Amino acid sequence: MDLRFTPEEIAFRDELRRFFRSEIPAEIRRKVAEGRHLSKEDIVTSQRILHAHGLATPNWPVAWGGKDWSPVQRYIFTEELQRAAVPLPLQFNVFMVGPVIAAFGSEEQKRRFLPATASLDIWWCQGFSEPGAGSDLASLKTRAEKRDGKYVVSGQKAWTTLGQHADWIFCLVRTDREAKKQRGISFLLIDMKSPGITVRPVLTIDGSHEVNEVFFDEVEVPAENLVGEENKGWDYAKFLLANERTGIARIGMSKQRIARAKRLARDTEANGRSLWADPDLRRRVAAIEVELKALEITQMRVVAAQRQRDADKPDPASSILKIKGSELQQATTELLLDIAGPYAQPAPEHEEGRNEPDGDGLDAIAPLYFNARKVSIYGGSNEIQRNIIAKAFLGL
Amino acid sequence: MDFDLTDEQRLLKDSVDRLIADAYGDFEKRKRHQSGPGGYSHELWSNFAELGLLALPFPEEEGGIGGGPVETMLVMEAIGRGLVVEPYLDTVVLGGGFLRCGGTAAMRAELMPQIADGTLTLALAQLEPHSRYCLNDVVTTARREGDAFVLNGRKVAVLHGDSAGRLVVSTRTAGARADRHGITLFLLDAAAPGVTRRGMPTQDGLRAADIQLEEVRVPAADILGEVDHGLALLEQVVDIALAALCAEAVGVMEDLQRSTVDYLKTRQQFGVPIGSFQALQHRAADMLVAVEQARSMALYAAMMAEEPDPALRRPALSAAKVQINQSARKVGQEAVQLQGGIAMTFEYKAGHAFKRLAMIEKTFGDTDHHLNAVSEADSLVEAE
Ligand SMILES: Cc1cc2nc3c(=O)[nH]c(=O)nc-3n(C[C@H](O)[C@H](O)[C@H](O)COP(=O)(O)OP(=O)(O)OC[C@H]3O[C@@H](n4cnc5c(N)ncnc54)[C@H](O)[C@@H]3O)c2cc1C
């Protein structure tokens, strides 16, 4: 056992550090660093650069463009990407539907979807939650009936993140209404251009258009768009959700925010000295750093253990990463808010919408704090994660 | 000790609650009020005037209602519950406070009636780009020229400063940047030559302005309080506003507590109301504890707001703000968490209440600032 990086790992890290900073446009990284919303173009541009260098989907099977990296290399990759404020590759593509298709899809589906999913020629969104099926996801009602070799889908999805940009949506639909909740669910891939689909925007509390409602009215879906077996969708969803949870930890992003908080505190005057001279503030930051270090090692342990398990069986420890990772992300946005203090109040309107960087970016801090409350709600709320831990780990 | 309201206070509370319930009960209406000139409803402002609310703190012999901190508390709680966007704190509590505590007879005679009838609104231009929470960190200057003063400087995040007719401005007339001595307050006409205002929304749906003062001439007659001795007056009125802000926060929290409990009772998941899960019951119970602690300190703040001895008054108000801030953070975050995704949407009131609480925390001192003040005063519990 050795927790230090080898010289090769250090070289790997340094190369990524250089790559991210020299190849991904600085304006895009600045938006990420300040926690501003990215345009569709920003996300596509950044992911295509990664993809051109074979770095968009390192977590996928090697045959489909993944990397045969060690857990440490994977860890370093994610950490450096986030530390450099590079936009995360689109999560729906890279961490959700891609791995599901790679693990459970047909050869035809893999050929058809995986390359375009990696290059972001297809933009995916996630159609799981519904108005009546939030924490209790398995109670979902959107139904798909088999008619003349097609599925006909009717119902409503809620909270569809970035659905306004999406070409395709992966959905959980009910294909058997008689079976027990989890049993009658299937995993369907649906073209967003299909007749009968309506997308309605929903603004989040920071005033941004991030989520949508998606309505399905007798939408015809070819039978070959079913992933895996009919009525086995819940198994694939559990696999996907565990990947989603692990991805929510975002340790590198929290580190980037702490680094920014320290710089802002240094540059902020309070009672005639630098705010960073305040021992209470420094202790508070240190406490977050300590927890983050612990989570970092926990994350590596989870990734390492994952290798010894079956590829399609995720570790329930992803719940630990989800809880702690989201709490620490929220702690860093709180820290930024407290440092910005009274200067966080104004919300000046920028000429090109709210994404125009301006000075120290203090105007984006309160929206970041507000928006970050979602991370303990989505991906299975932190309460649901505790239920999973109690049940799966503790046998309670 | 008596926590009961008098008959008049109960009448006041009933009528204010009714007014706010009518104007804000349906949350959609808030958006309409926000779209009015200056970001609030002028019609509603007239209703405030008709009820006498805009004359609340003024002495009866000057045409006012003669209300004290308890009356202000009742109004501010209702304002909090409704997430009211009208400039009551700025105009009546702060502006009215400066006139009442430091205005000349001429100013009072001229301006109090205009405030009372709703034609004049005020704003406090105090925060500077580097002053943070320190009221005596002032670099905006005022230099004497004959019987006038000439002001230069920049004030930021001036709440409702874009629509106010007059601005209370803190300036330095003597001493170094953070000296307590040498601060002078002016009541200046917002339309005076040399005043440039850039209005903008705030994160919680109110309005603010960035104000540039360039060679602004103000007659000496427009000084509030005494030259070089403005800080005591500024602190006195900010303390009155702190008490009001505490009451507003309690109103916001009370409403969040209610909507959270309603959601827990009605939202069904796993075939049962989610309020049947004990994990959530305990969280809701802790929210209630936090709201009640805050309410107690808002009462304490109201009782101490008019205490003339600053050595007693200031630490008391700081203590209240600490509790309010801590409860506000907890209640705001928990209300969003327990109501799930819906509380993350712009359409739903809870998210806006959460945002208002976050901004109240940052108004006139955050938790650290006031904890320092409490610990420096070292007066809540004496050492053995
Ligand atoms: C910004 C945002 C983006 C999202 N993006 C997507 C997306 O792209 N695709 C998608 O499918 N979904 C998405 N979601 C939906 C998200 O997964 C749900 O919001 C989440 O599952 C919670 O459901 P709910 O909002 O209905 O809350 P509810 O289920 O109503 O929960 C309310 C509260 O009750 C608690 N609770 C519920 N059940 C229990 C229990 N058994 N024990 C203890 N506590 C419990 C919850 O933890 C929560 O605190 C998004 C949500 C948000 C806010």
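Please read these numbers as outputs of a predicted model, since none were measured by experiment. So that the names make sense, note that chain A is the first sequence line, chain B the second, and so on, each numbered from 1.
- With a 4.5 Å cut-off on non-hydrogen atoms, A/A138 does not touch chain B at all.
- A pairwise comparison of heavy atoms in A/P342 and B/A157 identifies O-CB, 4.4 Å as the closest pair.
- The greatest number of non-hydrogen atom pairs below 4.5 Å with chain B, out of A/V202, A/V211, A/I339, is found for A/I339.
- In this structure a side-chain-to-backbone donor-acceptor pair under 3.5 Å is missing from A/Q345 to B/I360.
- Distance check: A/S208 OG to B/F346 CZ gives 10.0 Å after rounding to the nearest 0.5 Å.
- Within the 4.5 angstrom heavy-atom criterion, only backbone atoms of A/A340 (N, CA, C, O) approach chain B.
- Between the CG atom in B/D368 and the CZ atom in A/R284 there is a gap of 7.0 Å [rounded to 0.5 Å].
- Heavy atoms of A/S129 lying under 4.5 Å from chain B are absent altogether.
- With a 6.0 Å radius and a threshold of 12 heavy atoms from other residues, nucleotides or ligands, B/K31 has its NZ atom above the threshold.
- The shortest distance between side-chain heavy atoms of A/F370 and B/Q203 falls below 4.5 Å.
- Between atom OG1 of residue A/T204 and atom CD of residue B/E347 there is a gap of 10.5 Å, rounded to the nearest 0.5 Å.
- Taking B/G199, B/G271, B/P129 one by one and counting their heavy-atom pairs under 4.5 Å with chain A, the maximum is reached by B/P129.
- With a threshold of 4.5 angstrom between heavy atoms, B/A209 does not approach chain A through any atom at all.
- The main-chain N or O of B/S131 is never found under 3.5 Å from a side-chain atom of A/E269 such that the two would form a donor-acceptor pair.
- No donor-acceptor pair closer than 3.5 Å links the side chain of B/Y133 to the backbone N or O of A/N271.
- Taking 4.5 Å as the heavy-atom cut-off, the residues of residues 278-286 of chain B that approach chain A are B/L280, B/R283, ordered by number.
- If you measure heavy-atom distances from A/I365 to chain B, you find no contacts under 4.5 Å at all.
- Residue A/L275 touches chain B through its side chain alone, counting heavy-atom pairs closer than 4.5 Å.
- In this structure, A/R263 places its CZ atom where more than 12 heavy-atom neighbours from other residues, nucleotides or ligands lie under 6.0 Å away.
- Between the side chain of B/Q269 and the backbone N or O of A/G132 there is at least one donor-acceptor pair closer than 3.5 Å.
- The minimum heavy-atom distance linking B/R132 with A/A270 is given by the pair CD-CB, 3.8 Å.
- With a 4.5 Å cut-off on non-hydrogen atoms, B/E128 touches chain A through its backbone but not through its side chain.
- Put simply, OG1 on B/T202 and CG on A/D363 are 13.0 Å apart, with the number rounded to the nearest 0.5 Å.
- Contact count against chain B (heavy-atom pairs under 4.5 Å) is highest for A/A344 among A/S381, A/S139, A/A344.
- Note: A/E383 leads A/K374, A/E383, A/K181, A/Q330 in heavy-atom pairs under 4.5 Å with chain B.
- Among B/A178, B/G341, B/A208, the residue making the largest number of heavy-atom pairs under 4.5 Å with chain A is B/G341.
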request  = Determine, stepwise, if the pair A/I377 / B/V336 fulfils side chain to side chain contact (heavy atoms under 4.5 Å, CB included).
outcome  = CA-CA 9 Å; A/I377 297 172; B/V336 172; 4.1 Å; yes
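- A/S376 and B/Q337 make their closest contact through OG-OE1, 2.6 Å (heavy atoms, listed as atom of the first residue, atom of the second, distance).
- Nearest approach of A/N371 to B/M344, heavy atoms of both residues: O-CE, 3.5 Å.
- For the options A/A133, A/S135, A/A158, A/P131, heavy-atom pairs under 4.5 Å to chain B are most numerous at A/S135.
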task = Evaluate the side chain to side chain contact (heavy atoms under 4.5 Å, CB included) criterion for residues B/K362 and A/L337: first the C-alpha distance (whole Å), next the side-chain angles of each, then the deciding distance (0.1 Å), finally the verdict.
result = CA-CA 9 Å; B/K362 303 293 171 229; A/L337 181 74; 3.9 Å; yes
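- Considering every non-hydrogen atom in both B/K355 and A/I205, the closest pair reads NZ-O, 2.5 Å.
- If you measure heavy-atom distances from B/V156 to chain A, the contacts under 4.5 Å come from the side chain alone.
- A heavy-atom distance below 4.5 Å is found between the side chains of B/F354 and A/R373.
- Put simply, the side chain of B/T367 does not reach to within 4.5 Å of the side chain of A/D338, judged on heavy atoms.
- When each of B/H352, B/M200, B/R207 is checked for heavy-atom pairs under 4.5 Å with chain A, B/M200 comes out on top.
- Annotation for A/H165: atom NE2 counts as buried by contact number, over 12 foreign heavy atoms lying within 6.0 Å.
- Residues B/Q333 and A/E334 bring a donor and an acceptor atom of their side chains to less than 3.5 Å of each other.
- The shortest non-hydrogen separation linking A/G134 to B/R267 is N-NH2, 3.8 Å.
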